[in-house]
Structure formats: C-alpha cells, structure tokens
Amino acid sequence: MSAAATVPLLEVKGLEKSFPGVRALSGVSFDVRPGEVHALLGENGAGKSTLIKIVSGVYQPDAGEILIDGRAMRFAAPEDARRAGVATIYQELLLFPELTVAENIFLGHAPRASGGRIDWRAMTAKAEALLASLDIDDLAADQVVGSLSVGHRQRVEILRALSHDARILIMDEPTAALTEADVTRLFAIVRRLKERGVGIVYISHRLDELFQIADRVTVLRDGAWVGARDMADTNAAELVQMMVGRRIDNLFPKIAAPIGAPVLQARGLVRNPTTRDVSLEVRAGEIVGLAGLVGSGRSELAQVLFGITPAERGEIRLDGQAVRIDSPERARAGGIAYVPEDRGAQGLVRAMSVLHNFSLAALGGLSRLGFIDRAAERRMAEAGVLRFGVKTSSVDELAGRLSGGNQQKIVLGKWLANNPKLLILDEPTRGIDVGAKAEIHRLMCELAGEGVAILMISSELPEVLGMSDRVLVMREGRLVAEFDRAHATSQAVGAAMMGGDDPMERAA
Amino acid sequence: MSAIPVPRLALPRAGIFRRFASQEALLALAVIGLAIAVGFVNPRFLAYRNLADILLGNAYIAIAAIGMSMVIISGNIDISVGALIGVLATVSGSLAVAGAPTLVAWIVPVVLGVLVMAAQGAVVAYLRIPAIVVTLGMMSILKGGLISVTGGKWITDLPQGFHLADLNLLGVPMPVAIMVVATALAALWMRYSASGRAIYATGGNAEAARLCGVNPQRTVVMVFALHGFFAGIATLVYATQLRVIQSTTPPGLELTVITAAVVGGVSILGGVGTVVGATLAAILIAEITSALVFVNISPYWTDSLRGGLILATVIADIVRRRRRASRGRRI
Amino acid sequence: MSVFAASPGRRVPKWLARHETLLAIILVAALAGLGAFNNRFLTVDNLLNQGRLMTEIGLIALPMTFVIITGGIDLSVGAIVGLSAVMLGYSWKTFGFPLPLAIAFALAVGGLAGFVNGFVITRVKVPPLIMTIATLALYRGLAEGVSQARSVRGYPEWFYGLGQGEWLGVPTQLLLLVVLIVIAGVALDRTTFGRTLYAIGSNETAARFSALDVDRTKVVIYTLSGLASGLAAVVLVSRVTTTRMDMGMGYELDVIAAVVLGGTSIFGGAGTIWGTVIGLVMIQLLKNGLALTGVKGDATIVVIGVALIMSTLIASSLQRRRE
Amino acid sequence: MKARYLTTAAAAALALAGLATAANAAGKWDGGDDLATSPLECGMGPAAPAAPMKYDGGQPTNAADKAGKEIVVVDVPKLIGIGYFNATAKGIQDAAKDIGNVKAKTDGPTEAKIDEQIKFIDNYITSGVDGILFAANDPVAIAPVLKKALSKGIHVVGYDANSTPDAREWFVNQSPFNGIAKSMVDAMAKETGEDGSFAIVTSTFTTPNQARWIAEMQAYAAKCHPKLNWLETVEAQEDNNLSFNQATTLINKHGDKLKGIFGMTSVATPASAEAVTKAGQCGKVAVVGLATPNAMKPYVHSDCVKSVVLWNPIDLGYAATYVMRAAVDGKLKPGDTSVDAGKLGKLNVINGSEILLGAPYIFDKANIDKFDF
C-alpha cells in the first residue's frame, strides 16, 4: 500500500505544542489510512499523549494542521473531533458503573421515540446489533458495567465509539491492563474493524504486540518526530534505537570512580503485585542502572527501597546493617535519597518557593528543637542554586514557575543536602533540555566520585548504558538480567527488557 | 487471520438487585432492617400510619438532599440551604397571606431559589471563591436579612388552598409523591443526560471533564441552580405542612441535609454517588429519630446514638469502596 | 483542587497583594469609620473587653488555621467545646475530682476527641469534612448523654479568675490567647512542623516523598484542634460560671469564618496565623462597632456575611493578578 | 462484605435494644432540673400568698440620677424572631409610649445561645444605656455580665426568665413556675381524666424555664393528681416541623394510651395541635400547653384544643418597662410591696425582689380572637 493510493483518513502536519516550561511537540506529522493500524511509539514523555489529545480536540495545537479526508479541520472541543469521526479510548475508561452496557454505549445519543422519550427497545436492539457485528457473544446489552472485567469494559468503550460512527479510533495503551485472553480478543476486534475500513491509531509500549497488529509505526522522542516505518520493513532493535536515541557517545561523560564497599544490599524483597523477589546490591561510588520497560516494576522497586510502599518480605542492609525501612523517614534516616519519577506530583511542591523546596527534605538538619535556622536554610538554598546552576530570579521565586530542568535540579538538590549514602534517581532527565541533562549527568559522576552509591532508573537506554557501572534489567517485577559495563550493549539489554520470546532475535 | 475461539464466561445479569448493589442497597436494607428490629420492640412502629408519617414529616429534607447531593458530587458544598428554605417559606407564606394567587405563592419560591443559588454558583465558578465561603456568607446574609425584614413575626391565617402538602396525588400524600417523583426524575437525569454526566465529570477531575467536552464553570452554575430548584420544592412541602410559618431559619437544617447527602453515599471526593442514596439516607435518619422514641431510649442518648450510627455508615461505606477499588485493580 | 485555571492579568505589587496587608488596611479603615461614629468604640476598655469575648473563638481558630492549611477542615470543634465543658463539670461534681484535675480531664477529653478525628481521617482515609460532620453529631450527643442535659454551677471563686479576672488591666484569657497566638504563629512560620503543614496542603504526595511524616502531623493538628476546643471550653465555663451541654454550638462556622477571612485558603497550602488573628479581630470588632453604632444584631449578621464574601473576593482577585 | 453490614446492623439493633431496657421507665421526668420544687395546694383555689421575704436583688452603683428624665433602655430577650418575644417587645414599646420619657429598643441573638446573649448585653453596657431588660438564657451564666452592668450604674430588670437575684434589681415574674405548673396539670387532668396518660414535647432539656416547669409539674402532679401517668418527654428544638414530627411520633407510638400532650413552648404547642389534627385524634388526645393566641386560633376554633395557657406576654413587657422606669425614678425601692404599672394597675412584690404579673391567662374559644400576637 503506498501513500499515494488512498487519501489518508487522518493526517496531521507539523504539529507544535508548548506548555509552560515544556515543549511537548515540535513539528510532528503522521497519517492513518482506512483499514490501517498505525502505531505510535515512544517512551513516556515523548509526546504521544499530547498528540492524541490534539487530535481528539482536547488541546489546540500552537501550529500545524489536522486533516480529515484531506480537509483541514479545527477541533475546538472534543465534540468537534467526535463529530468528525475521531473517537478516543483512554487508558482510564470513562464509563458509568451503575449503567448497563446499552446505556453506556448510547449515553447522550440514545434513540428517541416520539415526544423525546428514550426508546429503550430500540436502544437495546441497536446495542445487540453492535455486539453481534463484532462477534462479541459473551456480553449482553443489559449487563451492568460495574460488574464487568476490564477487558469487557474496554469492549463497551469501543462499541460506544462505533455507535458514534467513528472512522478513526485512537487506542491509548489498550492492552496495559488486559489479561492474555483479553488481548487476544481485542486483536480479533481490531482486525474486524480494519476489515471495515476503520483507521486505528494504536499506542503501546509492547513491541511484540505491534509486530502482531500494526501496519505502520511512527516513533516520537522528546516531542519530535524520529521516523516512520512499515512494520514489515523494521525490527525491534531498530525501533528501540529510534525510541531511545543514538547519542550515546558524546552525551554521557561517565568518569570512572573508585568503587567501595556495598552500601545497599537487598535480599528477596517482595511487595505484591509489583515487586517479586528482588535482590540487588549497590556499592559506594557505583552507578547502577535499572532498565526495563514501562510497567516492569522499576519505580515500584524504588518506592519499596524508599519505604513508601514498604516490603512485605525480604531484608535490606545498609552498610552491612540490617534495617527496617517502613517509611520514607526511616529511609532518610538510613541515608537513602529518592528523586521520584513524577516531578510535578511527587518531587516538587510547586506552590512553594525554591528556598522552601530546597530545604524540605533536610529540615531536620536545618533546625534545632524544631525551629528552622532560616539563615542556614537560605545559605543552603543559595549554595544549591549555585552548585546546580538553577536558573531562577531568586530563591524566593515559586518553584512551579521554573522550567522542567531547573525543577529537577531543585528536587535533586534538596536530597543532596542530606548527604545521602544511597541516591535513587527515577528518570532523572526525563522531559528536560539537553543542557540540563548534561549537567545532571556531570553531577552524578561527581557524586559517585565522592563515594555515593547511585541507583538510576531510566527509560532512555543510551543513558543507562552510558552512565552505569552495572546494568540491572527488570521485567514483570523481577530482576531478569545483570550486565557489567563492558557487556552492556543496547542489543543485549534491549533483549533482556523484551523478554523470553525475543522479538529482537526473531526480527533480526 | 482465523477467528479466535473465545471462551464463554458466566456473567451476572443486570437484575434489579444487581443494579442497586451498592450504597443504595445498604441503605434500603438498613431502612427495612431497622423498621423490623424496632417492630419487634414495639409493633406500633410498623403501622402504616407511622411509616407514612415518617415519610410525610421529613420529605422536605429528602427533597433538599437531592440538590445537595448534586452540589457535593460536583465538588462543592452548600451551607446556606437551611437559611434559604426559611427565607423562601416566608416569601411564599407572605404572598399567600397577601392574597396572591396560590399558584404564584407556590412558584415564586422555586424561581427565587433557583436565582439565589445560581448566583452563588456563578460566584463559585467564575469568581473562583470556594463554595464553603460563599455559602457561609450567604447563610449569614439570608439569616440576618430574614429576621431584619420580618422581625420574626409568624405568618398565620394562611389560606386553606395554600396547603399543598395536604393534597393527595392519586391517593399518595403530596409530600411523599413529590419526594418520589423528584428523586426519580433527578436520578434518571443524573444517569441518562449529558449534563447529568457533566456533574460527575466536574467533581471527578478537571481532566476527565475536559475529555468529556464539559464546561466546568457552566456545570457548577447549573448544579447550584438545580439545587436551588429542589430547595424551592422542599420549601413548598416544608411551608405548607403546618398552619403557621415560623419566619426564621430552621435550626441546623443545612447540617441535616448535608448529612443525608453524605450518608447517602455521596463522596466529597467527587464523582460517586446518587440522589437515590441521598433520599434513602434522609429517610433513614428520620426513621432513626422516630425509632429512638419508639424503643424507649433515654432521650438524652438519642443524639449520640444517631451520631454514632451516621459515623458507622460513613466508615462502612468508605471501607467498602476501598475494598471494591482494590479488588478492581489488576494484579 | 480548583478545576479552573488562573487567568493572567496585570501584576500588583507584592506587598499590597498580601491578603493580610489588605485585610489590615480594611480593618483600620473600618475601625476609623466606626470610631468616628461612636466615641465609646475606640476606648481601651471596650477593646480589651472585646478581646475577652473573642478569646474562645480565637483559641480554636489557631489550630483550625493549621488544619485548613493542610487542606482539611474540622467541623466538630463546637461539639468538642460542649463535650469538654460537660466533662469539666461532670468530673468535678459527680466524680468529685478536684477542680484542677477536672480541668486537666476536660482538656484530655478534648484532645482525645480531636485525636479520634485525626486517627480515623489518616487511617481509614475518611475525608475530614465527612468525619467531622459525623463526630459533630456524636460529640454533641455524648455531651447531652453524659450530662443528662443538667447544668453544673457553683464553681469555686478562684476558677473564675481565668474567665473574668484580669492581670495588669488585661483580661486573663486575652493574655492566654496572645501567648498562644505567638506560639502558633512562630510554630507555623519558623518550625519544621509549620513547614510540613504547608507542604501537605500544597502537595501531599510530594511531602510524603520528601520523607515528611504526613500522617503523624495530621493526627497532631486534629488533636491540637480538640485540645484548643477543650481549653476554650474551660475558659468559657470560667467566664460564664456555668457548664451547659449546648456550649459552643455553632462555633465551627464562626471559627472557619475567621480563618478564611484571614486569607487561609480552604484548598490548603496558604495562610498565616497573623491573617487569622486579623480575621478574628475584624469580625469581633465589626460586630461590636456596628452594635455600638446602633445597628441591630440581625443586620450585623448580614454585614458579616457580605464582608466575608467581599474580602475573599478582593483578596483572591488581587492574588490572581499577582500570579 | 455483606456480612460486615449485617454485623453492623445487628450490632446497632442490639445497642438499641440494650439501651431500651436500660432506659428509665419511671422516676425522674426527663427534662426537669434538679432544683427544689414547691408545688401549690391542690384544688382550684388561688395560690396562697407567699411569706414576705427580704429584698435580695442587687443595686446599681453610682447610677446617674435620671429621675423624670428620658432614659434609654435596651431589651435583650433570649432570642429574637419568635412570636413570644415579639409580643414582649411590643409590650415594651407600648409602655414606652404610655410613659413618654423612655426610649426602648429590642436586640438580641437569633438563636437562644447564652454566650451570644452575653455579648449583646456587654456591647450595650459599653454603648452606655440607662437600663437593661433581659430574659435570661441561663440564670447563672448571665449573672457576671449583669453584675458588670450594675457596677457601671445601669439599671437591670429581668422578665420571663430570671437570673440569680443579686445580678439584677427586679424580676417581673409572669407567673411563678409552680403556678404555671398547676394550671397546666389541672387542665390536663380535667381533659384526660384523673388517670390519663400524657407525654411532653419541649424545646431542649437545657432550656431553664421549660426544665423548671416540668419539674414543678411533676411535683404538683405527684401531690394532687397521683394517677396521671407520664409517658415520656421528647426534644424538638424551637422548630415547627420537628415539633410536629415528634408529636406525631408520640401519637403513633402510644396509640389509644395517649390521652394528652403538653406543649412546653409556643412552638411545640401549635405543632402538637397540628399533629393531633392531622392524625384525626381531635377530642381523643388533648393538647395543653403554652402558646401564643394567633398560632392557636385554628385549633381552638376547631375545638381540637380547649384552652391555651399563657400569661399575656405583651403585658409582661409592658410591666417590665414600668418597673424599669420606677426603679430609675426611685419609686420602687428595696422593701416596697407594690409598684404602679400603668394600665395594669398595681402589681405586687413577691419573693423579695420579684414583681408578680398575675395568674396565668387561659385563652379559650371565647376570648382568643381578642388577642393578636
């Protein structure tokens, strides 16, 4: 199928979108043809969500255009997109649990009888017809949605989209919460939709799925278009490379540091359902990279180590001493620092000043009898601003007004004030500009040189490979592989991330 | 691709019980269970007359709780409703005594209720003042204003035709009929209309609201206006039941109404809850009050017992919801 | 928490946009205006006396400021006043406790009532509004049940020193309030505890991830709220020489009005003790000044309602301009 | 999960049953206070005059001599916005007009809260009035602020609800508690028969006047109508609809056993009458109570209520104003035995420092239309 053969159902050209402090999309283009599944690929923060929200009318682009059947459209609101035939199925399903399947499908556009009453019989009949059209025989129109499994609910969402005569269906990680059997059934439905000429935009992190279901793939990284491929002409290795970038050599100036005694030793950590029997060790001066796909349990492991979701079983030793870490306070007392993944929600108090954010995790050390030594606090924050190169008008500026990179430096800085022995960094450079990225990497090396043990979680494979002394790979809540620096190649680590029936091997 | 054989799963059907297998079911169960338990101690409790009187005398609370539950679902709260009902009752009674046509005396409070509440909603939505502040201030204004204007003079000599609550609709006393119809209409509207959905969306989170194409500001104004409408209807029942109108604000009514909405399963966290639950809860609270008299509990302890029961219901609901949530999460 | 985005606008100087500054200006203007109308208003005697009358509300408003800064609320404070007052009288009269012990007991009951609020709010995760509405009914009911609605009177003379006495011409309880205001103000402004409250109110998750003990802090503030209500009960009983179970009825709204008028955001994250104090003084003196000027009580209530809405409106619009 | 609910429900039911058995079925009347009672003699004879007592009121210190000059008087009732205190306020205005040189105004809390009332009085002390009329929400709690008024040279006269005697100069007693109690119980016994069963609807158990009346009624009934069977007392605030609901509950609960309802407030009595009317129990369940005439007219005219007990609150306010004027003018001094009260004639001093308004007034079908308040 060549691009010229058919007019794409949906085409976007040169989309640009910025949020305060973040450039979410720059010059992204892609298109979907009738009867095609076009996958969107990219790590978290690559801009996929922003892209689909623009296409479904939630956001308005700063620049660029959206064409439906070759005609330029403006979606001022989600209804406009829906009227144009674009339906979106979000990860969080927007269903009403008290209502039946039929009621959910036809919510807001129920068939009317004379006098404006809802024609219940016609509604049930239409719902049953829709169910039949997709060969769904284990779902009845009069079932209450609250009693259904996630897979069934998703089918109801799809039916709702179809009831609006959607011709373009956007599915955001539809398999993220599905069981194996449900995935199979979803694919059956997707194929049936393809036969009908529906165009599908399919977002997923699971490369193996894409090889099963997608026709083409567009890869985004850091809000920019990286490339598009026909699935038949590509392989997993290439896609991973496109996703995580190639700039390994010059960006990651790993400086070797002397590696000392083990700082953290964990044995058999269990926290159901996300952490299953994990044992690991991080030594002083060592940077350990923790790789894995989204949902593999990396951040969850970090939160177990930090005491936010304490381990149900297992043992943690710090400097050889067995400790019980059942709260972040205990973790901090033990010398652990954690720079979380979600800067806005977990790391930073946006409504507080830079000064107060800097001191938040170090208040104990800055105060006597509970009274904060405000001069010392200010000295600490100002020193931090200088040391980390935070660009701000003053330490009294609200932290939420700074750019992402500067915010990240503050979150990092507030923990370093405690002089931690173990620093856990969760996606330390996500969504920040290249300059800030390099500064954070330089800082990591500096800290390692000072003897801090660092556990770094990253979705960016080159970062993991470039910065780590050792690389651990997680999948489905377990550590599945370990590589030392010499043996950690993108192929090997990528393969371990993908897991058993290695699509990379198969594709190669 | 070949069709994939799909395993058939046994799935529950949408029976009437299934549909209400939630806070409403619990409340309905509690209403019935309590009646039976008290009936054992004193069979007179189960007399039709008594059960009917409980409904009759408290229908206005249930009706006001409908609007309140909408307000709470939308993520707001209203403290002024008790004072408003007092004001509207006085307006309505004064009109009737002044010789206005009965219909006017009935309609004016409803219209006025909508206007006052919509204005509050607009301040909340567009001027972004928290609802608790706006309605707290409005409570003061209405309460003080009412006494300033009337001097607290009771309204007596109401014309016979004014007493809407004395009428019957197809053999059902009007207050109960209005309560049932209002609850049913509100419940259906909340479920089936786009604007009803918008309330949940606004209270749930702004993101979901935008995804549903909802304008949160307009929704908040609408919710307050509706709340005013139901407060107006509640006023009609409240004001026309007795031969006199007190011209003061009913003490503590706002708290009773809020409690009914909250016990009814309306989560302040937004996004959950139905008006049916609020009505049932209003009935339950009224039933408890009456039951405590029937079983000879020392009246000194009735308030603490009522408070304890409300607390138990609320905690049970939260625990239940959390369990359901954790069960729903995929492992 | 608000679903509405802030709109950009002209910037206003920072000092002027501070809610407290603005409120203080309004307060001074109102005082001057009312003082001009009535020469008995701006007298030391009257102002000190007003201080005496506002002490109970003021005592409770201090921890309520903490609670609201964390994004919570406590509606049960009035009921705790009633319960503590009853416990004071009951333990003194029926248990035969010596009065100092009875006072300690009343404070302990208040603290316990607040602790129960905090404990359930943090452990069972019941929203504070719901929890304290329920305990409002419960505690008031307990007060009635325990007291059997009987009043307790005839306390020894020395006890009245707290509520009716004065020290260097200043009402005793006002001194107590001033001391506690300073302590609360310093605690909020200068201590890790205070900083933790702001962090919880602004972003609870981030506070947790910064290794701040969120749950314990919350339990502490609700307990403080109960404790302050207990203290208010003791002061109130001493002032009016009698214990009644209906004491403190409706206090919750007066307290919240003072705190919110003082610029504490009901959504959490912002507010100061100084603001609360200004709010408190403003309401009390507005009521007093209007009364002295010949405005009747019912009209005064209306004015307070309007003032509450208008001042919040002005303050928030200025704030928005600043942002 | 369902089991948890059933357990909760079962526990609640159990608690109800447990408390039910624990409830005191006899003995103390719920809602009374613990003060000593002094029931009057049985029978319809007039109350025997009490033994004269020494003056036990307080006196203002260094009061300005305003004899014959215009005085400013403020009236702070328990609460404003209810019919009863509107009537007393009207009486005060009437008297002010009749006297000529009294300027009076009524101001007070909107709810019967003692600390609110104290604040009002305190404000008026500051604003410098010559006299304060009050009806106390709590006799002891109000004392300190009244004493403060006396110490500032302000004349203080109470009506309707007393304070401790030394906190005011005079108290205009509408009718002694035991007199009201006697009228109420006698009326009930007459309507229900000597062995009738009755229940009480009151505002709250903490309202002093109501508590006092109930205690006196109990004492008088025990003495003079020992077979009258008290069933129970319920609270209904000062709320019309709640009073109606509570009265209805009583009717439904006791059925034919219930022969009468006492309404202890001007809110509870008409609401109880309405409940009896709605239940179709007129003539079977008697309603006896304190109430204002306007609210009771429909029930008195429909013969559902035979008689309403009340002093005339307009007269009460009227008398209080005359007493205030007399106290200011020095015409009523400690030790005097009577005072001139304008159109009401001479009123007697009893109990040392109280002025008796007279026997309680009984409104019935014949005279109720003559009153409008």
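Just so it is clear, the model here is predicted, and its values are computed rather than measured. Each chain gets a letter, A, B and so on, in the order the sequences are listed, and its residues count up from 1.
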Under 3.5 Å, which donor-acceptor pairs do the side chains of residues 278-290 of chain C form with other protein atoms, sequence neighbours left out?
from   : atom 1 : to     : atom 2 : distance (Å)
C:Q284 : NE2    : C:Q50  : OE1    : 2.8
C:N288 : OD1    : C:N46  : ND2    : 2.8
C:N288 : ND2    : D:N123 : OD1    : 2.4

Hits for salt bridge (charged side-chain N to carboxylate O under 4.0 Å, His left out) against B:D303, two or more places apart or cross-chain, chain-then-number order -> B:R306

Part of residues 78-90 of chain B lying next to chain C, heavy-atom separation under 4.5 Å
B:I79

What distance separates C:D74 CG from C:I121 CD1, expressed to the nearest 0.5 Å?
7.0 Å

Given heavy-atom pairs under 4.5 angstrom as the criterion, report whether the side chain, backbone, both or neither of B:I147 touches chain C.
both

Return yes if some donor-acceptor pair links the side-chain N/O of B:T289 with the main-chain N/O of B:I285 below 3.5 Å, else return no.
yes

Taking the side chain as everything from C-beta on, heavy atoms only, tell me whether B:I283 gets closer than 4.5 Å to B:N58.
no

At a heavy-atom separation under 4.5 Å, does C:V260 approach chain B through its side chain, its backbone, both, or neither?
side chain

Name the option with the most non-hydrogen atom pairs under 4.5 Å to chain B; the candidates are C:L308, C:I256, C:I73.
C:L308

Chain B contacts, top residue of C:G305, C:A307, C:A299 (heavy-atom pairs, under 4.5 Å):
C:G305

Please state whether the side chain, the backbone, both or neither of C:L261 comes within less than 4.5 Å of a heavy atom of chain B.
neither

Name the member of C:T300, C:I309, C:D298, C:I301 that forms the most heavy-atom pairs with chain B at distances under 4.5 Å.
C:D298

Are side-chain heavy atoms of C:M245 and C:Y90 found at a separation under 4.5 Å?
no

Can you check whether B:M222 reaches B:T219 side chain to side chain, under 4.5 Å on heavy atoms?
yes

Inspect the contact between B:K143 and B:E254 and indicate whether a charged nitrogen and a carboxylate oxygen are less than 4.0 angstrom apart.
no

Under the salt bridge (charged side-chain N to carboxylate O under 4.0 Å, His left out) test, which residues partner B:E287, sequence neighbours left out?
none

Of all heavy-atom pairs between C:G271 and C:T264, which one has the smallest distance, and what is that distance?
CA-OG1, 3.6 Å

Which answer fits C:I133, side chain, backbone, both or neither, if we ask what part of it has an atom under 4.5 Å from a heavy atom of chain B?
side chain

Against chain C, label B:I132 side chain, backbone, both or neither, depending on which of its atoms sit under 4.5 Å from a heavy atom there.
side chain

I need the residue from B:L142, B:L136, B:L255, B:L146 with the largest number of non-hydrogen atom pairs under 4.5 Å to chain C.
B:L136

If we only count heavy atoms from C-beta on, is the C:R150 to C:K93 side-chain gap below 4.5 Å?
no

Honestly, the part of C:L136 sitting under 4.5 Å from a heavy atom of chain B is side chain

If we define contacts as heavy-atom pairs under 4.5 Å, which of C:A137, C:A143, C:G297 has the most with chain B?
C:A137

Heavy-atom nearest pair, C:A233 first then C:S84, reads CB-CB, 3.7 Å

For chain C, which of B:G137, B:S304, B:G308 has the most heavy-atom pairs under 4.5 Å?
B:S304

Looking only at C:I304, C:T135, C:V303, C:V146, most heavy-atom pairs under 4.5 Å shared with chain B are made by C:V146

Pick from B:G144, B:G145, B:G252 with the largest number of heavy-atom pairs that fall under 4.5 Å of chain C
B:G144

Can you name the closest pair of heavy atoms from B:S94 and B:I155 and give their distance?
OG-CD1, 3.5 Å

Answer with side chain, backbone, both or neither: which region of C:V120 has an atom nearer than 4.5 Å to a non-hydrogen atom of chain B?
side chain

